[in-house]
Amino acid sequence: MHALFEDAGKFLAGRILSEAESSSQIELGTGKRVKVKAANILLKFEKPEPAALMAEAEAIAATVELDLAWEFAPEEEFGFADIARDYFSDNAPLAQQAGMLFALYGAPHYFRRAGKGRFKKAPAEILQQALAAIEKKKLLQAQIDGWAQELVAGTCPQPIREQLYKILFRPDKNAPEYKAVVEASRNAQKAPLDLLQTAGAIDSAYQFHWQRFLFDNFPKGTGFPAITAPQPPADLPLADVQAYSIDDSMTTEIDDALSVQGLGSGKVTLGIHIAAPGLAIQPGSELDKLGRNRLSTVYMPGYKITMLPDEVVRIYTLDEGRANPAVSLYVTYDETTFEVLAKETRLERVPVVTNFRHDKLDHIVTEEWLSDSSLEVENTPANLLAVRDQLSFLHKLARHLKAEREVVRGKPENFSRPDYTFRLEGNGDGEPNGSEKVSITVRKRGAALDLIVAEAAIVANSSWGLMLAEHGVPGIYRSQASLAPGVKVRMSTKALPHAGIGVKAYSWATSPLRRYTDLVNQWQIIACARHGATAALAAPFKPKDAELFGIISSFDGAYSAYNGYQAGMERFWTLKYLEQNGITELEAAVIKDNGPAGMLVRADTLPLVISVLGAQNLPRGARIRVKLGEIDEITLDIHGTVLERLDDPDDTSDDAPVDEVSEEDDNVAGPIAIAVDVNDSEGASADNPAP
């Protein structure tokens, strides 16, 4: 005797070995023996053999016209054998009964399961809805199949092109566009990113990086809504100074300027003047919301996305030839010893006479030029000569301040690496497209003008940070507990020491046109300047204000993303520079062991860190010549191999100076993490690196 039974939603058949009242022992064709409850046995039969019955029943099930079977079915609950007799004949044989069972079970939209072998037909309106949904699914699958075929053939369908970055990085895994990419990747046996590149979905490597960044950070675009920029207060006093700014030629958001008074009197007053949008932009206003949404200006070679609209920047930037609203810190020093004699914060209008551009003056304003008044440089601008004595004093002061901070730090600041300036030719003021000619120029860190500006900013940020703390007014600070390995700089609302800079407290307050944290701190500083001892009552943000913590969290994430993109684009243009200039070899210095990838090295004359093979066991600082491999502009990757060692292995004096290894050095390039999982037929979430 044989039996057909249901087990976990599947139909099986086998030989009955023994029977009891509630169950039977059945042997399957594989030899496996199973215990089956009596209620799960749907048919018992002598012939044919179980395997033959199953095969015949499946063939019959495929011929059942479900519409007709549904018409035959009674309104009340019924068994599969009953409808088999109605559909086939009154004496429907065993194979037809089993075939009807399989057909009913496989069509839940026509027949609802009511128990073991029993069914109830679906209401007509429910059936029609189900059939419509099935038809829609078939059409959708046909669309997915069609798109997948196009991708495999090397063409990208427009709907997939339009959803490209969503598919790659934040997909709806039930969307047909996503499913088509997965299906095509399987069929073509290609990684999704390679497949899409081959199909022309990515217009260019530059656009890939740019559009990905916009998708993640500016999904609504980079434009600003129409908004009226508020004017600064009309009653600000006019400062009796002649200030000047020092920035790069590409800088339009001029946040800071300097002034010097009292040279030769024994007491010299340094004025640090910061643009003051906080005097007119109010917390909670529409402009504030714009700034809080963006949190910072985004910089990249040849372009930037400003935090505030241009019309707002134009009102508050410290342009030359006008008196600009400013929050000014005046620090009076003993002219000989540089002892601090007094500090004062004022809200005022500051006349700015010149916007100096350091990239046009660095060859003039050197340490030698500042220390030797008899030294002349051809074509020195008259306005620069007019402040030569002031710049000489500021440079001496800056060196003194830096030395004092290094005593607190416990070791000198190491600036052996240069800064690099990127210039693009061919895009004007518009967005680059990746085809521009790039030039990269080297600028030594710690150049005289840089040192003056940097030390003045540290004075302002540390002084105002301490002032906020003294008045019981919270601010946004950067702190670092120590210079021990692994101790990172953190943002908080407490005035804590910054070991890396060597100051007791360090707020961010000198770039309110470019960083939202600085604008927030400026509101707090303005409250201190206006209200003194009662500033804590008048300041927009109170102690332990949860909103401040939210701003810090949002800013930290956005600023990291923006800096990461800037670093990525600088690497992109560095690789472009190699291509455009036909550079196939570089001289470099070893940084560290990079595991299986070889050694990490830094190019001598370009902002480029790469992995090279053939440099194992070389010490840090060893100088080598590297042959470059192929460039991948999507992953921003390039590898190299060592051609020769350039320094003397037995003489460390000719080793290259190597700064401390940074996180950026450890993340120079590599696979791009995308959210397309070709191994998941159900579209479950997973992130796979794309080669």
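Note that these values count all heavy atoms, side chains included, but never hydrogens, waters or copies made by symmetry. Each residue takes its place number in the sequence, starting with 1.
- Within 6.0 Å of atom CD in E65, 12 or fewer heavy atoms from other residues, nucleotides or ligands are found, so the atom counts as exposed in its surroundings.
- With E6 contributing its side chain and A39 its backbone, the two residues share no donor-acceptor pair below 3.5 Å.
- Counting heavy atoms from C-beta outward, S296 and T517 have side chains that stay 4.5 Å or more apart.
- Here the side chains of I144 and Y178 are not in contact, with every heavy-atom distance at 4.5 Å or above.
- Residues F208 and Y165 meet the side-chain proximity criterion, which asks for heavy atoms closer than 4.5 Å.
- Here the two rings, on Y559 and W508, have centers that are under 6.0 Å apart.
- Relative orientation of the F218 and Y562 rings is parallel, given thresholds of 30° and 60° on the angle between their planes.
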- Could you walk me through whether K190 and T198 pass side chain to side chain donor-acceptor pair (under 3.5 Å), step by step? CA-CA 10 Å; K190 275 188 175 182; T198 304; 3.3 Å; yes
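- Aromatic ring centroids of F102 and F11 lie under 6.0 Å apart.
- When ring centroids are compared, F215 and F169 stay outside the 6.0 Å threshold.
- Checked against the 6.0 Å centroid criterion, the rings of W573 and Y206 qualify as a close aromatic pair.
- Looking at heavy atoms from C-beta onward, V438 lies out of side-chain contact with P301 at the 4.5 angstrom threshold.
- Heavy atoms only, all atoms of each residue included: F72 and D86 are closest at CE2-O, 3.8 Å.
- The CG atom of L196 sits 7.0 Å away from the CD1 atom of I167 when rounded to the nearest 0.5 Å.
- The closest side-chain donor-acceptor pair between Y477 and N521, if any, does not fall under 3.5 angstrom.
- Scanning all heavy atoms of the two residues, the minimum distance from F5 to I41 falls at CB-CA, 3.9 Å.
- No side-chain heavy atom of Y87 sits under 4.5 Å from any side-chain heavy atom of D82.
- No donor-acceptor pair closer than 3.5 Å links the side chain of K166 to the backbone N or O of D172.
- We find the CG-CD distance between L53 and E58 to be 9.5 Å, quoted to the nearest 0.5 Å.
- Atoms CD and NZ, on Q580 and K437 in that order, are 5.0 Å from each other to the nearest 0.5 Å.
- Remark: side-chain polar atoms of S560 are paired, donor with acceptor, to backbone N or O of D556 under 3.5 angstrom.
- Across every non-hydrogen atom of A81 and Q97, the tightest pair is CB-OE1, 3.6 Å.
- For the residue pair Y516 / D288, a side-chain donor-acceptor distance below 3.5 Å is found, with atom types taken as modelled.
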- Message: For L578 and N581: C-alpha separation, side-chain torsions, deciding distance, then whether side-chain contact (heavy atoms from CB on, under 4.5 Å) applies.
- Response: CA-CA 5 Å; L578 297 176; N581 292 277; over 6 Å; no
- Message: Quick one, N40 with D7, criterion side-chain contact (heavy atoms from CB on, under 4.5 Å). Give me CA distance, side-chain angles, the key distance, then yes/no.
- Response: CA-CA 7 Å; N40 290 348; D7 180 39; 5.8 Å; no
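- In this structure, E253 contributes its side chain and R514 its backbone to no donor-acceptor pair below 3.5 Å.
- Judged by distance alone, the side chain of W523 and the main-chain N or O of I281 form a donor-acceptor pair under 3.5 Å.
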- Message: Please evaluate residues W147 and E177 with respect to the criterion side chain to side chain donor-acceptor pair (under 3.5 Å), reporting the C-alpha separation (whole Å), side-chain torsions for both, the decisive distance (0.1 Å), and the verdict.
- Response: CA-CA 8 Å; W147 285 341; E177 294 85 357; over 6 Å; no
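- Side-chain contact annotation: D518 with Q522, donor-acceptor N/O pair under 3.5 Å absent.
- When every heavy atom of L101 is checked against every heavy atom of G117, the shortest pair comes out as CD1-CA, 4.3 Å.
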- Starting from the C-alpha separation in whole Å, work towards a yes-or-no answer on side-chain contact (heavy atoms from CB on, under 4.5 Å) for L131 and H109. CA-CA 8 Å; L131 292 175; H109 47 296; 3.8 Å; yes
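- There is a side-chain donor-acceptor pair under 3.5 Å between E570 and Q566.
- Annotation: side chain of F111 is in contact with side chain of F78 (closest heavy-atom distance under 4.5 Å).
- In this structure, E436 contributes its side chain and G434 its backbone to a donor-acceptor pair below 3.5 Å.
- Side-chain N or O atoms of T317 include none that pairs as donor or acceptor with a backbone N or O of R314 at under 3.5 Å.
- The CD1 atom of I134 sits 8.5 Å away from atom CG of L127, with the distance rounded to the nearest 0.5 Å.
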- Going through the checks in order, is the salt bridge (Lys or Arg N to Asp or Glu O under 4.0 Å) test met by R292 and E547? CA-CA 11 Å; R292 188 177 297 198; E547 199 170 358; 2.7 Å; yes
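- Between D216 and R170 there is a salt bridge, since a side-chain N of the basic residue sits under 4.0 Å from a carboxylate O of the acidic one.
- The shortest distance between side-chain heavy atoms of I610 and L628 falls below 4.5 Å.
- Within 6.0 Å of CZ on R113 lie more than 12 heavy atoms contributed by other residues, nucleotides or ligands.
- Shown here is E630, whose CD atom has no more than 12 heavy atoms of other residues, nucleotides or ligands within 6.0 Å.
- Using a 4.5 Å heavy-atom threshold, the side chains of V609 and I591 count as touching.
- Side chain to side chain, T493 and K544 fail the donor-acceptor criterion of an N or O pair below 3.5 Å.
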- Query: Step by step, would you call R294 with I305 a side-chain contact (heavy atoms from CB on, under 4.5 Å)?
  - Reply: CA-CA 9 Å; R294 297 206 172 183; I305 304 170; 3.3 Å; yes
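- A salt bridge is absent between E76 and K120; no separation between the charged side-chain nitrogens and carboxylate oxygens falls under 4.0 Å.
- To the nearest 0.5 Å, atom CG of residue L308 and atom CD1 of residue I227 are 9.5 Å apart.
- Closest non-hydrogen pair, F88 versus M100, comes out as CE1-CE, 3.8 Å.
- Salt bridge status for E633 with K576: present, with a side-chain N to carboxylate O gap under 4.0 Å.
- In this structure, the side chain of D632 engages the main chain of T635 through a donor-acceptor pair within 3.5 Å.
- Here the NZ atom belonging to K220 is positioned 15.0 Å from the CG atom belonging to L214, to the nearest 0.5 angstrom.
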- Item | Trace of the salt bridge (Lys or Arg N to Asp or Glu O under 4.0 Å) decision for D248 with R423 | CA-CA 12 Å; D248 183 87; R423 310 262 182 202; 3.4 Å; yes
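- What you find for P432 and Y303 is that their closest heavy atoms are CD-CB, 3.7 Å.
- Checking side-chain atoms of T306 against main-chain N and O of P309 turns up no donor-acceptor pair under 3.5 Å.
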- Item | From CA spacing to verdict: salt bridge (Lys or Arg N to Asp or Glu O under 4.0 Å), R161, D203 | CA-CA 10 Å; R161 182 185 296 273; D203 295 326; 3.2 Å; yes
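- Judged by distance alone, with hydrogens and angles left aside, the side-chain atoms of T63 form a donor-acceptor pair with the main-chain N or O of I60 at under 3.5 Å.
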